[in-house]
K.L.:
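This is the structure, below, for whatever I ask next.
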Amino acid sequence: MKVARFSDHAMIVVLGGGPAGRIAAMHLAHSGKEVLLAERGVIGGQCLNFGCMVVCALNDAARVVRNARDLQGLGVIDRAPEINYPGLIREMQEVQKKIAGILDSDTRSTGVEIKYGTEAVLHGNEVRLGNEVLRPDAVIAATGSFPAIPDIAGIPMDGVYNPHTLAQMDRLPGKMVILGGGVMAAEFAYIFSSFGCDVTLVARSDVLKVLDDRQRAIALQELEGVTVHSGTSLLAVNGDRHLGSVSVRTPDASQTEIECDALFIATGLSPRSENLHGIAKGPGGEVLVDSHMETSIKGVYAAGDVTGPPYLTPVARHEGIVAAENILGRVTTMDYQFFPQSVNLASEHAFCNPPAGGTVSVSLPGPAGPGTFWKVPYNATGLSKVSVDPETGLLQGVSTSGPGAGIITSYIAFLMQKGYTADDFSSFLEVHPETDGVHGLLTYLSDYLKRKNSG
Ligand SMILES: Cc1cc2nc3c(=O)[nH]c(=O)nc-3n(C[C@H](O)[C@H](O)[C@H](O)COP(=O)(O)OP(=O)(O)OC[C@H]3O[C@@H](n4cnc5c(N)ncnc54)[C@H](O)[C@@H]3O)c2cc1C
């Protein structure tokens, strides 16, 4: 076995080329470090290959079909298009390859060396890459996560998919069961129901609990056409060589069979840490880190999904930066208080509601504008809600559903983190027409609090 030492060059090894590992590697290389990035598969991690970008590809197409159907319903257009599913998957994969090429060359352009195709194994502060043993000055383990698959009789079986195997589904199923009640399950339910599949969502508890009541009601309206069984658990998948049905237990404890030709498992993610040895882990396999993203071994850091929830790309990237900064000797801590999130259905449902007491909240339906004008007849222009501290006016929460909700919420979350108040928005000027209700609510709150606190 070859033992390589890099101490002359302050060599850093990063395990995993997903959002956390890639950003960390580039950040270190920008600062002059010699960095080796080991990726066993394709650069970009789940975000590019199985997650966020897949949802974007499919959701963009789903919205075209849904919006066209809505316009047809109003007599604005004559015909709505149909999805060419094999074409959609083929072209999505072409775009993914193109993005992977860009990520690869961007990463290399900073000086990072990328080694593909080998499963890296960590033993304490030593990294094994095939026959090579590396003793780097620092390590970042960013090996991500994988779909959590429930231990159910009959899985795996033809016709049962998860986000990592979805591209193997070569045609649209007539009847599809989606297992899960979270963001991922709801997003795929919207997509496949828009594509014309008869979708049943089977969720152990309530669907989209992550949203507050009013935003959730709007999101559930967008799942119109999807049969939702909440409080229901999957017992078995049934079929001969190919899936034919699933057996479920309903809230009244009775057992029912749901006929289907595809089951999509969207029950969340689990940390991928089976190749990380000698560092402390939690009960779910998540690598335990301190606020600097350092593991139980000095000089060995971990970032991204492998450290456990929240499983979000921006959080993974930021953890990667925090780990890199600490390796560079600049003491930095990770703050999880203000991360925005979104659920993408017919519209974006974004929110950032850090826990805080003593809030006053106001809400308002979304205005008509670009992307919502033709939603007016359907009473589906969305909603915005803002919460502030009644004494100080400090921003304490935002939820907004409508076009650009993700972008609006990202900036508001940042302003919340910086300690902005409703009053800071009193001179806000927007582009018109646009569909953001948040700034209107904040200027209203600014006036309201001034009146309330002066009298
Ligand atoms: C269906 C779905 C939808 C999602 N939608 C969103 C969304 O809308 N917004 C959002 O913010 N997040 C979303 N996510 C979550 C997001 O994809 C992850 O949080 C993000 O990819 C985590 O980045 P990471 O770098 O920690 O891990 P990963 O993306 O999992 O990357 C880890 C990388 O490490 C590699 N690797 C693993 N083990 C080894 C090893 N031993 N040696 C070498 N390489 C290894 C893997 O091949 C992989 O490339 C979604 C996820 C899924 C599955």
Side-chain angles (χ1 to χ4, degrees), residues 13-25 36-59 100 103-104 107 114-123 127-130 134 139-149 161-167 178 180 182-189 191 210 264-277 285-287 289 293 301-321 323 339-345 348-350 406 409-410:
V13 176
V14 178
L15 278 61
R22 198 180 79 81
I23 292 294
L36 175 68
L37 175 63
E39 169 52 58
R40 61 178 202 145
V42 182
I43 201 157
Q46 292 186 95
C47 179
L48 171 60
N49 299 294
F50 311 116
C52 327
M53 289 301 110
V54 171
V55 173
C56 290
L58 303 186
N59 182 287
L103 297 186
D104 176 90
T107 310
I114 308 179
K115 188 158 186 168
Y116 286 112
T118 310
E119 187 111 17
V121 182
L122 178 81
H123 287 276
V127 177
R128 295 193 184 172
L129 266 180
L134 309 179
V139 177
I140 301 179
T143 47
S145 61
F146 59 92
I149 308 293
Y161 304 95
N162 65 63
H164 285 205
T165 60
L166 182 66
I178 297 183
V183 175
M184 200 196 285
E187 290 185 337
F188 281 100
I191 287 166
V210 72
F264 182 70
I265 297 174
T267 43
L269 298 170
S270 293
R272 186 187 287 281
S273 63
E274 73 277 12
N275 285 314
L276 308 177
H277 307 288
E286 69 281 11
V287 173
V289 287
M293 305 313 296
Y301 292 76
D305 285 8
V306 75
T307 63
Y311 298 119
L312 292 168
T313 290
V315 174
R317 286 187 188 136
H318 201 68
E319 289 174 342
I321 299 278
F339 61 87
Q341 298 180 67
S342 126
V343 184
N344 290 302
L345 306 175
E348 289 172 52
H349 305 276
T409 303
S410 303

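Just so we're clear, the structure is a prediction, and the values are computed from it rather than from any experiment. Counting convention: from 1, in listed order, for ligands and their atoms alike.
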K.L.:
A303 versus ligand 1: do any nitrogen or oxygen atoms come within less than 3.5 Å of each other?
P.N.:
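In this structure, A303 places no N or O atom under 3.5 Å from an N or O of ligand 1.
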K.L.:
If you count the atoms of ligand 1 from 1 in the order shown, which ones are under 4.0 Å from a heavy atom of R272?
P.N.:
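Under 4.0 Å from R272, ligand 1 has these atoms: 37 (C), 38 (N).
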K.L.:
Might you point out which heavy atoms bring V183 and S342 nearest each other, and give the distance in Å?
P.N.:
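Of all heavy-atom pairs spanning V183 and S342, the closest is CG1-O, 3.8 Å.
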K.L.:
Got an N/O contact under 3.5 Å between E187 and ligand 1?
P.N.:
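There is no such contact.
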K.L.:
Tell me, please: is F188 in heavy-atom contact with ligand 1, that is, under 4.0 Å?
P.N.:
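It does, in that a heavy atom of F188 comes within the 4.0 Å cut-off of ligand 1.
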K.L.:
Show me which atoms of ligand 1 lie under 4.0 Å from any heavy atom of P314.
P.N.:
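Listed by number with element: 11 (O).
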K.L.:
State plainly whether the residues E319 and R317 are in salt-bridge range, i.e. N to O under 4.0 Å.
P.N.:
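No, no charged N to carboxylate O under 4.0 Å.
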K.L.:
Do me a favour and list the nearest non-hydrogen protein atom to atom 51 (C) of ligand 1 with residue, atom name and distance?
P.N.:
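So the nearest neighbour among protein heavy atoms is G51 CA, 3.9 Å.
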K.L.:
What do we get for F50 next to ligand 1 when only non-hydrogen atoms under 4.0 Å count, side chain, backbone, both or neither?
P.N.:
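Contact part for F50 vs ligand 1: backbone (N, CA, C, O).
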K.L.:
Specify side chain, backbone, both or neither for L15, according to which of its non-hydrogen atoms lie closer than 4.0 Å to ligand 1.
P.N.:
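Under 4.0 Å from ligand 1, L15 contributes no heavy atoms.
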K.L.:
At a 4.0 Å cut-off, with the gap strictly under it, does some heavy atom of L122 reach an atom of ligand 1?
P.N.:
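No, that is not the case, since the closest heavy atom of the residue is not under 4.0 Å from the ligand.
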K.L.:
May I ask you to list the atoms of ligand 1 that are less than 4.0 angstrom from any heavy atom of A142?
P.N.:
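Ligand 1 atoms under the 4.0 Å threshold to A142: 32 (C), 33 (C), 34 (O).
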K.L.:
So which heavy atom in the protein is nearest atom 7 (C) of ligand 1, and how far is it from that ligand atom?
P.N.:
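Closest protein heavy atom to atom 7 (C) of ligand 1: C52 SG, 3.6 Å.
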K.L.:
Which protein heavy atom lies closest to atom 20 (C) of ligand 1, and at what distance to 0.1 Å?
P.N.:
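Heavy-atom neighbour on the protein nearest atom 20 (C) of ligand 1: T313 OG1, 3.6 Å.
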K.L.:
Given K115, E39, R22, identify the one with the heavy atom nearest to atom 33 (C) of ligand 1.
P.N.:
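Looking at heavy atoms only, E39 sits closest to atom 33 (C) of ligand 1.
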K.L.:
List the closest protein heavy-atom neighbour of atom 27 (O) of ligand 1: residue, atom name, distance to the nearest 0.1 Å.
P.N.:
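Heavy-atom neighbour on the protein nearest atom 27 (O) of ligand 1: G144 CA, 3.1 Å.
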K.L.:
Looking only at the aromatic ring of each residue, does the gap between the centers of F264 and F188 stay below 6.0 angstrom?
P.N.:
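Close enough - the centres of the two rings lie under 6.0 Å apart.
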K.L.:
Report the member of G17, G18, S342, P19 with the shortest heavy-atom distance to atom 23 (O) of ligand 1.
P.N.:
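Ranked by closest heavy atom to atom 23 (O) of ligand 1, first place is P19.
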K.L.:
Can you list the ligand 1 atoms lying under 4.0 Å from a non-hydrogen atom of S145?
P.N.:
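Contacts of ligand 1 toward S145, numbered from 1: 30 (O).
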K.L.:
Relative to ligand 1, is L312 under 4.0 angstrom through side chain, backbone, both or neither, heavy atoms considered?
P.N.:
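Answer for L312: both.
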K.L.:
Tell me the protein heavy atom at minimum distance from atom 42 (N) of ligand 1, and give that distance in Å.
P.N.:
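The answer is A120 N, 2.9 Å.
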K.L.:
Note the single closest protein heavy atom to atom 45 (C) of ligand 1, along with its residue, its atom name and the distance in Å.
P.N.:
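Sorting protein heavy atoms by distance from atom 45 (C) of ligand 1 puts R40 CG, 3.5 Å first.
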